[in-house]
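As the structure lists them, so they are numbered: ligands from 1, and atoms in each ligand from 1. Small disclaimer: the values here were computed from a predicted structure and weren't measured.
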Amino acid sequence: MAGRFAPSPTSDLHLGNLRTALVAWLLARTTGREFRLRVEDLDTQRVAAAPEVARRQLADLDALGLDHDGEVVWQSRRLDAYADAVAGLDTYPCYCTRREIAEAASAPHGDAFRPYPGTCLRLSASRRAELEATRRPALRVRANGASSTVQDLWAGDVTGTVDDFVVVRNDGVPAYNLAVVVDDLAMGIDQVCRGDDLLSSAPRQAWLARQLGGTSPGYAHVPLAVNPDGRRLAKRDGAVTLADLAGLGWSPAHVLTRLARSLDLAAAGEPVTTAELLARFDPSALPREPWVVDARQPTAAAWENSRSTT
Ligand code: GLU
């Protein structure tokens, strides 16, 4: 039994990422699980700085005291495993561009989820030949309109339609939804704790886990950190990484305290250790609203005022 944290090495971890990692670690450790780390570097393989960013991310987790079990898994080293998994799935090539899908898919107003409309399942032979000559296909898994329900520790039962989603992109790179499921199965992950921006991906990932002969993990999606405008926290919002904060005199221990405070696990300014947090952690008391971070003036007072209020 294991939980995990699986950052993409696109930029240094910010306070929201670190807070999600802390919750994932607390949840794994307080439920007798291993805590595993995975670098999701499929998308960033051609980015020269990605290995360096990944190493800084791992060092930041270590600096906070979030220890892990086993070797760190790097997705870029597991291409054979993804190819094997795809070979066992019922897939078909898809030549559609993003724009064609957006035009063909019907979605109720305001609904970001646009199920793939199945265009490439119904191609005439001549149209297929034309597309084959001019475009590289992605591979989609055939889901036959399945529906899938997952149990989330905080959101409860979440049901989603499984569309024929992409498992290999048209540049040949395994898709996120495929790699995450193949890896979670291979690593024995039965507890997926991550940011709640991925909650809507959980039903299709759970479905895929079953297609690959596994069982779906339990889920625990943590509310994201946002800036005072309510937008997802980002580097441009100010001092949001351990390195930024170190430059302002914040030690990792200070940051840990700040994160603990945001989780209602510490009083204002109360120094805490990871051992104390393990003793205090109660998943049922986790704040359910986004964490509002005002990182423009990272003084002690500003931190206190930025306590989650929405
Ligand atoms: N790599 C993803 C991210 O950094 C997380 C994937 C997951 O936890 O399933 O957003």
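- Note that the CG atom of Leu233 and the CG atom of Asp294 stand 10.0 Å from one another [nearest 0.5 Å].
- Listed as neighbours of ligand 1 are Arg4, Ala6, Pro7, Ser8, Glu40, Tyr176, Val180, Arg194, Leu198, each bearing a heavy atom under 4.0 Å from the ligand.
- Salt bridge Asp183/Arg4: absent, no basic N to carboxylate O contact under 4.0 Å.
- Proximity of a side-chain donor or acceptor of Glu34 to a complementary backbone N or O of Ala28 within less than 3.5 Å is not detected.
- Partners of Asp67 by side chain to side chain donor-acceptor pair (under 3.5 Å), not counting sequence neighbours, listed by chain and number: Trp25, Arg29.
- Looking at residues two or more places apart in sequence or on another chain, you find a ring pair (Phe, Tyr, Trp, His ring centres under 6.0 Å) between His221 and Tyr219.
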For residues 137-146, please give each side-chain donor-acceptor pair under 3.5 Å, one per line with the distance, not counting sequence neighbours.
unit_1: Arg140; atom_1: NH1; unit_2: Asp164; atom_2: O; d: 2.7
unit_1: Arg142; atom_1: NE; unit_2: Asp90; atom_2: OD1; d: 3.3
unit_1: Arg142; atom_1: NE; unit_2: Asp90; atom_2: OD2; d: 3.2

